[in-house]
Protein chains: 2
Amino acid sequence: MSLRQFEYALAVAQEGSVTAAAELLHVAQPSMSQQIRNLERELGVQLFARTPTGLVPTVVGRAFLREAEAAVSAARRAKRSFHLG
Amino acid sequence: MSLRQFEYALAVAQEGSVTAAAELLHVAQPSMSQQIRNLERELGVQLFARTPTGLVPTVVGRAFLREAEAAVSAARRAKRSFHLG
DNA sequence: TCATTTTACGTCGCGCGTAATGATG
DNA sequence: CATCATTACGCGCGACGTAAAATGA
């Protein structure tokens, strides 16, 4: 369970497909597909429903994505926090 | 820049030394020392001042740690988010 | 047949532990 | 010399990309 996987899941949710999310983040599409599955496997939960045209978040997926968004945002703030103080 | 590194930095800040933080998180002490340095190198900032008795956060370190805490908390909530909805 | 995801597989970076070294009182 | 951190080094896992296969309209 890594920040990178969180970013992947958020991108998939935003783009609606693994393919679009992968090119958005400049990674190979199978790599992203694999990481989404790894994340679901580790959590023991299906985050996305597979449709012929892409992936759509499940109910539990949406709950997860809200927290993942908070985690990624906080991590980005952490990365830049020293620019202020 | 990973969640694990965030947890390491928080543990070091809490415990006041790499040694204590390492045994708290059940990792070898040099491994944690290395990760702290990797984190500082990646950020380009010294997060902790080295003293003979351990490590104490710098000013920028404290700013970083606040955000890191938020990121780790959010990640933990994400991990358990599906237990509710 | 075209768009998608998934599986298979080899590679490479990196996080880890052990051991050795450095630094400080 | 005791106690801390750091450096050195090798191992193993996992994230990645390429290629091939599956699935569906």
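In what follows, every chain begins at residue 1, and chains take the letters A, B, ... in the order their sequences are listed.
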Item to complete: Pull out every residue in residues 7-30 of chain A that has a heavy atom closer than 4.0 Å to any atom of DNA chain C, ordered by number, or say none.
Response: Ser17(A), Val18(A), Thr19(A), Gln29(A), Pro30(A)

Item to complete: Examine dC16(C): is either OP1 or OP2 under 4.0 Å from a nitrogen or oxygen in the side chain of Arg4(B)? Give yes or no.
Response: yes

Fill in: Residue pair Val72(A) / Arg76(A), side-chain heavy-atom distance below 4.5 Å
yes

Worksheet item: Without hydrogens or angle criteria, can the side chains of Asn38(A) and Gln34(A) be said to hold a donor-acceptor pair below 3.5 Å?
Response: yes

Worksheet item: Is any NZ, NE, NH1 or NH2 atom of the basic residue among Glu7(B) and Arg4(B) found under 4.0 Å from an Asp or Glu carboxylate oxygen of the other?
Response: yes

Worksheet entry | First and last nucleotide of DNA chain D, 5' to 3', lying under 4.0 Å from heavy atoms of chain A | dA15(D) to dA25(D)

Worksheet item: Does a nitrogen or oxygen in the side chain of Ser33(A) sit under 4.0 Å from OP1 or OP2 of dT6(C)?
Response: yes

Discussion item. Without decimals, in angstroms, what is the distance between Leu55(B) CG and dA23(C) P?
Written reply: 16 Å

Worksheet item: Does any donor-acceptor pair link the side chain of Ser31(B) with the base of dG17(C) at a separation under 3.5 Å?
Response: yes

Discussion item. Taking Glu40(B) first and then Arg50(B), would you say they form a salt bridge - that is, a charged N and a carboxylate O separated by under 4.0 Å?
Written reply: yes

May I have the list of side-chain donor-acceptor pairs in residues 52-68 of chain A shorter than 3.5 Å, sequence neighbours left out?
unit_1, atom_1, unit_2, atom_2, d
Thr53(A), OG1, Thr51(A), OG1, 3.4
Thr58(A), OG1, Gln46(A), O, 2.8
Thr58(A), OG1, Leu47(A), O, 3.1
Thr58(A), OG1, Gly61(A), N, 3.0
Glu67(A), OE1, Arg77(B), NE, 3.0

Practice prompt. Find out whether Phe6(B) and Met1(B) are in side-chain contact, i.e. whether some heavy atom of one side chain is under 4.5 Å from a heavy atom of the other.
Written response: yes

Worksheet item: So does Arg50(B) get a side-chain nitrogen or oxygen closer than 4.0 Å to the phosphate oxygens (OP1/OP2) of dA23(C)?
Response: no

Practice prompt. To the nearest 0.5 Å, tell me how far Gln35(A) CD sits from Leu39(A) CG.
Written response: 8.5 Å

Discussion item. Which is more 5' along DNA chain D, the nucleotide nearest Pro52(A) or the one nearest Met32(A)? Just name the residue.
Written reply: Met32(A)

Item to complete: Return the value, rounded to whole Å, for the distance between atom CE of Met1(B) and atom C1' of dG13(C).
Response: 18 Å

Practice prompt. Find out whether Val27(B) and Tyr8(B) are in side-chain contact, i.e. whether some heavy atom of one side chain is under 4.5 Å from a heavy atom of the other.
Written response: yes

Discussion item. Quick one, Gln14(B) and Leu10(B) - any side-chain contact, counting heavy atoms below 4.5 Å?
Written reply: no

Fill in: 5' precedence on DNA chain D between Asn38(A) and Gln34(B) (nearest-nucleotide basis)
Gln34(B)

